[in-house]
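Take a look at the structure below.
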Number of protein chains: 2
Amino acid sequence: MAPAVRHEAMRAGNLAVVLGELDRHGPLTRAALAENTGLTKTTVSKLVGDLIEAGMAVESGAVRDGERGRPGVAVRLSGHRVAALGLEINVDYLAACVVDLSRSVRVLRTQAVDNRAASPQEVIAGLRDLGAAMLDEAAGLGLTVAGCVVALPGPVDRLTGSVHSAPNLGWKDVAVTGALALPVPVLVDNEANLAALGELWFGSGASLGDFLHVSGEIGIGAGLVVDGALFRGAHGFAGELGHVVVSPDGPACRCGGTGCLERYAGQDALVPPGQGINDLVRRLQAGDPGAAEACARAGAALGVALTTAVNLVDPDTIVLGGIFAPLYPWVSGPAAEAMRARLGQMRAHVPTLAVSRVGGDAATLGAAGQVIQRVIADPGAYLDLTAGGTLG
Amino acid sequence: MAPAVRHEAMRAGNLAVVLGELDRHGPLTRAALAENTGLTKTTVSKLVGDLIEAGMAVESGAVRDGERGRPGVAVRLSGHRVAALGLEINVDYLAACVVDLSRSVRVLRTQAVDNRAASPQEVIAGLRDLGAAMLDEAAGLGLTVAGCVVALPGPVDRLTGSVHSAPNLGWKDVAVTGALALPVPVLVDNEANLAALGELWFGSGASLGDFLHVSGEIGIGAGLVVDGALFRGAHGFAGELGHVVVSPDGPACRCGGTGCLERYAGQDALVPPGQGINDLVRRLQAGDPGAAEACARAGAALGVALTTAVNLVDPDTIVLGGIFAPLYPWVSGPAAEAMRARLGQMRAHVPTLAVSRVGGDAATLGAAGQVIQRVIADPGAYLDLTAGGTLG
DNA sequence: GATATTTAGTCCACAACATAGACTAAATCG
DNA sequence: CGATTTAGTCTATGTTGTGGACTAAATATC
């Protein structure tokens, strides 16, 4: 049920309206904010005052809109006080970043580690060290970290902060949030979900409407962004594109099914064991016809799965990330062709394919971005956090 | 952007909180409402007073909770004043219903007409007559109709109230809202979407969480309900289950693709032309092995498509409606088996299959229910409508 | 260069709403 | 019958946004 609306909720709501407007439509004067939000100038002035005091907004010089009249003072999001920590555990690396309220990446670090060889406890200990170092660094920059999100390659229970099963890591029933023990609130989330959000906030997402972001790795995941928010499904396991059935009589998959997309377009289907995607790209660039053929087949299978996804979920755009980003020139054509052939007659608008603009850091950035998003959506909850903050 | 929160919005929000609580948790005393919503007794009393004055709530006798102390007065939704009109245009009938605020069906009427033989203008004129008759009848019952939703078998543009293309009706670019010209606000929506909502409000939906409702007819549509609201996708065309690819090399489909679910489990794939579903059911009940075999094949194909849907969209339950309701005993087994085989290993919870409890009226009822839902979600917008209302 | 005009931002009296707690009402318990 | 308990109302108060008057700072016009 929607919570009762009290006076404080009204206040919090309007703070969010003003901060959200600053976030979306750049620097604005108080007068313009009043115009855009429908609030009075008086109210906007008070709210902006509070945001500035909390270090979430700053004045940034006079602005003449060309017309006559007294010039206004531009107000914009401030990146000087509030920040977020993004962490990522993946098969062969740990990553961390600090992002400030204006979504500038202030620190970004990656550690190559073979996490399959280590126990979950060792991996989490390593992540804690990395996270703690990032928090120190953030403090050194004068930043107060509002929270932390951890990206994991597998389905997670966000309520308990634990992983039921992450086959790629070899994890089963690992409690992450508790074990991490960082001095900020911690949430965990699925890597594919966060990569989609990373694309939304740090890639081409702002110019996209609703989109489906495909994270091709060993498994193939997808994140669906609708109205600026993730669609998670009833249990948080939506977006398992890798196990969409491409051909019911196809080869057996590790999920127990047959003919899943993963068997046609996952990394293991494209690259012989021991090699990486870069090897494949090199062969493709050298003009190896067998490699091109394999990619075309994978692209066609991807196109079938995406057709199905479009029919069910109706995204506006489809962004290919992960291994499909470097393979885009060889994969996207056949995929788009399959979609056009199957969808073109029924739909006025067949979704466009696009490459991911964010590289391998999409999930890490999306993790931090999710905290920032939360702050912007409810600044009232974070005013205290930062009021007594560092220098300023 | 979320609208600015003004005083009136606070009021409207709390009215919705109270009315929503009454809707979900049955008759409650003012004290219990205060407890449940977090509002004070004073505030609840004022809000309840307004709701009673507007005819949206009534007091209904004293209540002793068994304990001692002064007994409270139970307050519940009132069905005596506010109502909604649901209309449906389908291939071979028109239907209409009047539903009151407490979601009781007050009038329900169906007219058998061959709408393929008539022009869209004639069909809409017929619907207008039916709708106007229902409005008269509602007025006779002392009901004020807050709005109307029209269910159509095809994708609609809800903003303009028009149908781009409804192949089953043979319609192309028909503006419905404008042509209908009823003296209440009119919206149009897709039949499969509304059938899902019909199941939510008039079937087993209340006990379900998030669910996918499959409407099998000549085409196969689906509506996904998440958090009590429809998931529509970017353009409102989500849920086209009928064109999910079951087998990429399968038979050609009228959509231009190949191997769509519709070709395996649509009405035309199960029943020879000229016959209806009832004929098939009769053969099945008589023990016709060929018919049972055909249903099993259709069920298996449905299971493959549903597996894909579960992977992408993660519903909690799947409700089979339309032609799959009478065929449930013969179709659900193979479908469930396919899903279990493909999903059981990965997922802790494989969605349950269930039969629709609402019959062919699901979409009509869902249409009216959507208006009721809107009133309950924002009673403030409808207070005036009913304040000067009929007798009382 | 002085004055009018225009736009930005602040100030102050006021209105809308929810709150807290005192108060009245109506039941059961002893 | 009085004590206790719970429901509901009443009154004074607090928080928040509003509207319009006011000040500030620019350009346009004469």
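Fair warning: this is a prediction, and the values are worked out from it, not measured in the lab. All chains are named by letter (A, B, ...) in the order of the sequence lines, taking the proteins before the strands, and each is independently numbered beginning at 1.
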Using 30° and 60° as the class boundaries, would you call the ring planes of A/Phe231 and B/Phe231 parallel, tilted or perpendicular? tilted
Partner set under side chain to side chain contact (heavy atoms under 4.5 Å, CB included) for A/Ala57, not counting sequence neighbours: A/Leu22, A/Leu51, A/Ile52, A/Val75
Neighbours of DNA chain C within residues 69-78 of chain A, by heavy-atom distance under 4.0 Å: A/Gly69, A/Arg70, A/Pro71, A/Gly72, A/Val73
With a 4.0 Å cutoff (strictly under), does any side-chain N or O of A/Arg30 reach OP1 or OP2 of C/dT10? yes
Are any of A/Ser45's side-chain N or O atoms less than 4.0 Å away from OP1 or OP2 of C/dG9? no
Any luck finding a side-chain donor-acceptor pair between B/Ser207 and B/Ser204 under 3.5 Å? no
Over how many whole Å does the gap from B/Arg68 atom CZ to D/dA7 atom C1' extend? 15 Å
Do A/His25 and A/Asn36 pass the side chain to side chain donor-acceptor pair (under 3.5 Å) test, and can you show the C-alpha distance, the side-chain angles, and the key distance before you say yes or no? CA-CA 10 Å; A/His25 303 121; A/Asn36 295 357; 5.1 Å; no
Is A/Val150 close to A/Leu187 at the side-chain level, that is, under 4.5 Å between some pair of heavy atoms? no
Protein-proximity profile, nucleotides 11-18 of chain C, B/S/- by nucleotide at the 4.0 Å heavy-atom cutoff, equals BB--BBBB
Derivation and outcome, side chain to side chain contact (heavy atoms under 4.5 Å, CB included), residues A/Cys97 and A/Val107: CA-CA 5 Å; A/Cys97 69; A/Val107 193; over 6 Å; no
Salt bridge check, A/Arg232 against B/Asp314: does any charged N sit closer than 4.0 Å to a carboxylate O? no
Audit row: A/Ser45, A/Thr42, side chain to side chain donor-acceptor pair (under 3.5 Å) steps and yes/no: CA-CA 5 Å; A/Ser45 274; A/Thr42 310; over 6 Å; no
